[in-house]
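Below, chains carry the letters A, B, ... as their sequence lines are ordered, and counting in each starts from 1. Keep in mind it's a predicted model, so treat the numbers as computed, not measured.
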Amino acid sequence: MSGYDRALSIFSPDGHIFQVEYALEAVKRGTCAVGIKGTDCVVVGCERRSTLKLQDPRITPSKISTIDSHVVLSFAGLNADSRILIEKARVEAQSHKLTLEDPVSIDYLTRYVAGVQQRYTQSGGVRPFGVSTLIAGFDPRDTQPKLYQTEPSGIYSAWSAQAIGRNSKTVREFLEKNYSKEQPPASEQECVKLTVKALLEVVQTGAKNIEITVVRPHSKIGTLSSEDIGKYVDEIEQEKQQELEKKKKKRGEN
Amino acid sequence: MDITLGIRLKDSVILATSKAVTRGISILKADDDKTRQLSEHSLMAFSGEAGDTVQFAEYIQANIQLYAIRENYELSPQAVSSFVRQELAKSIRSRKPFQVNVLLAGYDTHNNKTELHQIDYLGTKVELPYAAHGYSGFYTFSLLDRHYRPEMTLQEGLELLKLCVEELDRRMPVDFKGVLVKVVDKDGCRDLEEW
Amino acid sequence: MSDPSSINGGIVVAMTGKDCVAIACDLRLGSQSLGVANNFEKIFHYGHVFLGLTGLATDVTTLSELFRYKTNLYKLKEDRLIEPDTLTQLVSSTLYEKRFGPYFTGPVVAGLNSKTGKPYIAGFDLIGCIDEAKDFVVSGTASEQLFGMCESLYEPNLEAEDLFETISQALLNAADRDALSGWGAAVYIIKKDKVTKRYLKTRQD
């Protein structure tokens, strides 16, 4: 034990704050979440822990939460910690609307959430949030899709497509190969399909452990049903199968 | 002098509010909206002290919307009216009370029922078939008493409203620039531009 | 004019009979001289105990909800329903808590003790002074008229049916001499194992 991880507000001699790094460790162990910007939508998807045999799936909370009618937040890391962030974000969204007459911009909400996370790295008697978030939506009266990420340290960043949580490296590499900034998925369907495909890289169990929410301009948020996601999964599986057979044939010809 | 009128019908509720903003002897605005939508199926009309009204209405709106997002569940009109009453009842015994009177129109999606609640700045709450705040009641209640039926359709309700507004136009001492009419029913809230 | 306890108007009266009690209220809610609602009931019950509340309508609602809250907690803590005499003490202390900023109400408690079956009625002023009576209790904007009616109509040990007639006539005729009361009435007759509620047809002016 080096002793520099006992009190939170203490640097180690080489400039690290260990508790924050441990928080990132918690994020890495959390189930995966993916966000992808389309031309006129943002799709957020995540891996859902499979429900146990006797668990009631209806009351198991979703990993994608609506913050206001135009913005959603998904996370990777400690479920319990995320609830606090979500609650704070929701109250801030309403309070902002009440005092400024305008709903929060996605950028503002991201800075707020990151700000909360930062505070918990610099004051006594608290620990950081073991949570990274993906915040997606559209600014009021705007049709430009927005996607941001926040981390336990309070860092925030904007992305075209991003993955956080367990195996996020694999998914990110997949996205880097299959997503083009110049030509983002043109339709909502393509965008959803890419999200599902990205998640299938790391989710073995298929549709029943995937959650998808689509955010469109003008506060139109839609959550896909298990059946809808199932259709995408089948389609992707089929394509993979065809690909495989093609390869086999080629090999046979040679 | 603001006009807020409400009529509960068979499967909708009408709210009508005057479009004028008056300060002293001047009319400052002729297209004011004295309503706020609280949730998909509840709408609140308000009148009273200038600064208080919108502040209070939007405070209520924020809280109802926050509840809906937190719980992923829309409060019933009954529950909304209870909340508004409690806020006003708390306020009346505070250092500076809100001077706001409200009418709450709602459609209860669970019981398929229309509701109209009248709540004054003291926190006096009643469920009524038709309601008004301020002076407008003095001119319109006799008409409503005579012509109102609980089974009225929206069309009939609007005709009755027309009678009321004509009477107000005739007898109110200052021009209130007509009324803004909104309707709440099973499909939510909507504006009636031409009625 | 702007006396809080006579803005909305309304009356409540309670009487004891032989092994029964009665409590009745009018249904009017007004704003000064304007009638606003004719369905504003002023009697609430918590288990087998009845509470009538006259005065400022906002406080009537607030208190009825506050006593619902308090009697529910009582039930959970004590594992039994609250008795009339206990509710009386609860009402008194609740009102006196706000001695220097009172609720503008005139509460009336009525009920039968569930153990002894003894009729019990009590009234209060707005800061909780208890008026335990053995015959009748009146409250509201027509309390003087009610006193007059009760004083002349009441007799002890009436049977339930006769008590109903007496309290109804007392209420109706008192309300008719008060501009702020009336617009319908509700009467509860409380017997050991049965409570009957009746709405009275009244003058509509």
*Asks:* So does Glu71(B) have more than 12 non-hydrogen atoms from other groups sitting under 6.0 Å from CD?
*Replies:*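 Enclosed: over 12 neighbouring heavy atoms sit under 6.0 Å from CD of Glu71(B).
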*Asks:* Compute whether any side-chain donor of one residue and acceptor of the other, for Lys97(A) and Gln61(B), lie under 3.5 angstrom apart.
*Replies:*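 Result is no, nothing qualifies.
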*Asks:* In the structure I gave you, are the side-chain heavy atoms of Asn63(B) and Gln94(A) within less than 4.5 Å of one another anywhere?
*Replies:*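 Asn63(B) does not reach Gln94(A) side chain to side chain.
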*Asks:* How many angstroms lie between atom OG1 of Thr99(A) and atom CD of Gln55(B), to the nearest 0.5 angstrom?
*Replies:*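 Thr99(A) atom OG1 to Gln55(B) atom CD measures 9.0 Å (nearest 0.5 Å).
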*Asks:* Just checking Tyr135(B): does its OH atom have more than 12 heavy atoms from other residues, nucleotides or ligands closer to it than 6.0 angstrom?
*Replies:*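 No, OH of Tyr135(B) has 12 or fewer neighbouring heavy atoms, counting only those of other groups under 6.0 Å.
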*Asks:* Counting only heavy atoms not in Asn72(B), do more than 12 fall under 6.0 Å of its CG?
*Replies:*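 Open.
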*Asks:* So what's closer than 4.5 Å to chain B heavy atoms on Ile86(A): side chain, backbone, both or neither?
*Replies:*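 Nothing of Ile86(A), per the 4.5 Å heavy-atom cut-off to chain B.
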*Asks:* Does any part of the side chain of Ile69(B), heavy atoms only, come nearer than 4.5 Å to the side chain of Asp68(A), both counted from C-beta?
*Replies:*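 Yes, close enough: below the 4.5 Å cut-off.
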*Asks:* Is the count of non-hydrogen atoms from other residues, nucleotides or ligands lying under 6.0 Å from Lys162(B) atom NZ greater than 12?
*Replies:*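 No, NZ of Lys162(B) has 12 or fewer neighbouring heavy atoms, counting only those of other groups under 6.0 Å.
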*Asks:* Other residues, nucleotides and ligands only: do more than 12 of their heavy atoms fall within 6.0 Å of OH on Tyr232(A)?
*Replies:*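 Enclosed.
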*Asks:* Please report the interatomic distance CD(Gln65(B)) to CG(Leu98(A)), rounded to the nearest 0.5 Å.
*Replies:*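 Rounded to the nearest 0.5 Å, the CD-CG separation comes to 10.0 Å.
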